[in-house]
Amino acid sequence: PMLGGLLVPLGRAARPRVRTAMCMQEVWNFTDIEERIPGHVEFWFRYHLEFLGIDEIYLHDLDGTFADVPWISELRKQGRVIYEDAFSRIPPLPEIFARYGLHSLTAHFAQTAVQHYCWQQARHNADWVIHTSHGWDMFLFSPKGEPLENLLAALPRGEMTIVDGLRYGLGAA
């Protein structure tokens, strides 16, 4: 289509269609997290990708500290982590982060944009998009030990479903 006299080619991403994609909160300061809780971030990713079978996780890195983490790089090469680092450059975020620092209070300025972007990207190539509204302290799990596929089979297609507290399965409180 033409946009103000400029021809803008539109097309879909070349990524293959997947069953599940997970949108997570924006992240920053990998080094600090790793120093405080060694191995936790990798455990969180591997739990969701390998144990639960999530096909891809969208990672929105506000400060670039996740870019060169070896296991993140490997998961990116495998197409299991979709990495994005552009949000910290969207005005007025650079000014806010420069003036007040990058921490949980200022990072939330990017949260709505990150969520919307992830939903828009993931919905084009995933049957199910799962959003975790918390960080590294939340895990998607079934207290009854049911596989994620059971939850997805029970949910109506083509609708948004909220699974309260990221717990699922019969009898989940």
Side-chain angles (χ1 to χ4, degrees), residues 9-28 30 33-34 37 39-62 64-88 90 107-108 110-173:
L10 298 178
R12 290 196 180 261
R15 289 197 323 273
R17 185 134 190 102
V18 296
R19 177 92 166 126
T20 54
M22 180 180 277
C23 295
M24 60 183 294
Q25 243 182 307
E26 62 282 355
V27 298
W28 66 96
F30 175 79
I33 298 168
E34 189 64 19
I37 314 167
H40 180 74
V41 175
E42 181 176 8
F43 175 79
W44 189 95
F45 272 91
R46 296 207 184 274
Y47 169 83
H48 288 93
L49 292 168
E50 296 169 11
F51 180 74
L52 283 186
I54 301 291
D55 294 306
E56 55 187 29
I57 296 177
Y58 285 74
L59 174 65
H60 300 91
D61 185 358
L62 294 182
T65 57
F66 287 75
D68 296 322
V69 174
W71 57 266
I72 289 281
S73 297
E74 184 59 35
L75 292 171
R76 288 172 66 185
K77 287 177 192 166
Q78 296 170 9
R80 305 297 306 276
V81 168
I82 311 304
Y83 179 85
E84 179 61 63
D85 67 351
F87 282 93
S88 61
I90 298 172
H108 288 299
Q111 188 170 17
T112 301
V114 164
Q115 290 171 349
H116 182 74
Y117 176 81
C118 187
W119 292 333
Q120 290 299 316
Q121 294 300 307
R123 75 183 185 107
H124 290 293
N125 66 298
D127 295 333
W128 291 97
V129 178
I130 299 164
H131 170 72
T132 56
S133 59
H134 292 279
W136 309 116
D137 59 338
M138 292 294 269
F139 289 78
L140 183 63
F141 79 102
S142 168
K144 298 292 183 182
E146 295 181 16
L148 181 60
E149 194 57 42
N150 287 7
L151 170 66
L152 299 179
L155 297 176
R157 292 191 58 77
E159 294 182 18
M160 177 183 274
T161 303
I162 297 174
V163 179
D164 197 22
L166 300 180
R167 294 177 297 235
Y168 63 89
L170 297 175

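Being a predicted model, the structure only gives us computed values, none of them experimental.
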Closest contact, heavy atoms only, [X] versus [Y]:
{"X": "Met24", "Y": "His60", "result": "O-ND1, 4.2 Å"}
{"X": "Tyr83", "Y": "Gly64", "result": "OH-CA, 3.8 Å"}
{"X": "Leu62", "Y": "Ala110", "result": "CD2-CB, 4.2 Å"}
{"X": "Ser88", "Y": "Asp85", "result": "OG-O, 3.8 Å"}
{"X": "Ala67", "Y": "Ser73", "result": "O-OG, 3.4 Å"}
{"X": "Val129", "Y": "Cys23", "result": "CG1-SG, 3.7 Å"}

Original post:
Between Phe87 and Glu26, is any pair of side-chain heavy atoms under 4.5 Å apart?
Top reply: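 No; the side chains remain at least 4.5 Å from each other.
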Nearest 0.5 Å, what's the [atom1]-[atom2] distance between [X] and [Y]?
{"X": "His48", "Y": "Ile130", "atom1": "NE2", "atom2": "CD1", "value": "8.5 Å"}
{"X": "Phe51", "Y": "Leu148", "atom1": "CZ", "atom2": "CG", "value": "10.5 Å"}
{"X": "Glu42", "Y": "Ile33", "atom1": "CD", "atom2": "CD1", "value": "13.5 Å"}
{"X": "Met22", "Y": "His131", "atom1": "CE", "atom2": "NE2", "value": "10.0 Å"}

Original post:
Hey, would you say the Trp136 and Phe45 ring centroids sit under 6.0 Å apart?
Top reply: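 Here the rings of Phe45 and Trp136 have centres that are less than 6.0 Å from each other.
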Side chain of [X], backbone of [Y]: donor and acceptor closer than 3.5 Å?
{"X": "Arg19", "Y": "Ile54", "result": "no"}
{"X": "Tyr47", "Y": "Leu140", "result": "yes"}
{"X": "Trp44", "Y": "Met138", "result": "yes"}
{"X": "Asp55", "Y": "Ala21", "result": "no"}
{"X": "Arg80", "Y": "Leu49", "result": "yes"}
{"X": "Glu84", "Y": "Leu59", "result": "no"}

Subject >> Passing option when Glu74 is tested against Lys77, Arg76, Gln78 for side-chain hydrogen bond (donor to acceptor under 3.5 Å, both in side chains) >> reply: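 With Glu74 as partner, Lys77, Arg76, Gln78 yield a single side-chain hydrogen bond (donor to acceptor under 3.5 Å, both in side chains), made by Gln78.
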**OP:** Start with the C-alpha gap between Arg123 and Gln120, add the side-chain angles, then the distance that decides, and say whether side-chain contact (heavy atoms from CB on, under 4.5 Å) holds.
**Re:** CA-CA 6 Å; Arg123 75 183 185 107; Gln120 290 299 316; 3.1 Å; yes
**OP:** Take Phe66 and Val41 through the side-chain contact (heavy atoms from CB on, under 4.5 Å) test and state the conclusion after the steps.
**Re:** CA-CA 10 Å; Phe66 287 75; Val41 175; 4.0 Å; yes
Original post:
Around atom NE2 of His116, are there more than 12 heavy atoms of other residues, nucleotides or ligands at under 6.0 Å?
Top reply: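 Check fails, neighbour count at 12 or below.
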Subject >> Derivation of the side-chain contact (heavy atoms from CB on, under 4.5 Å) call for Trp128 and Leu155 >> reply: CA-CA 10 Å; Trp128 291 97; Leu155 297 176; 3.6 Å; yes
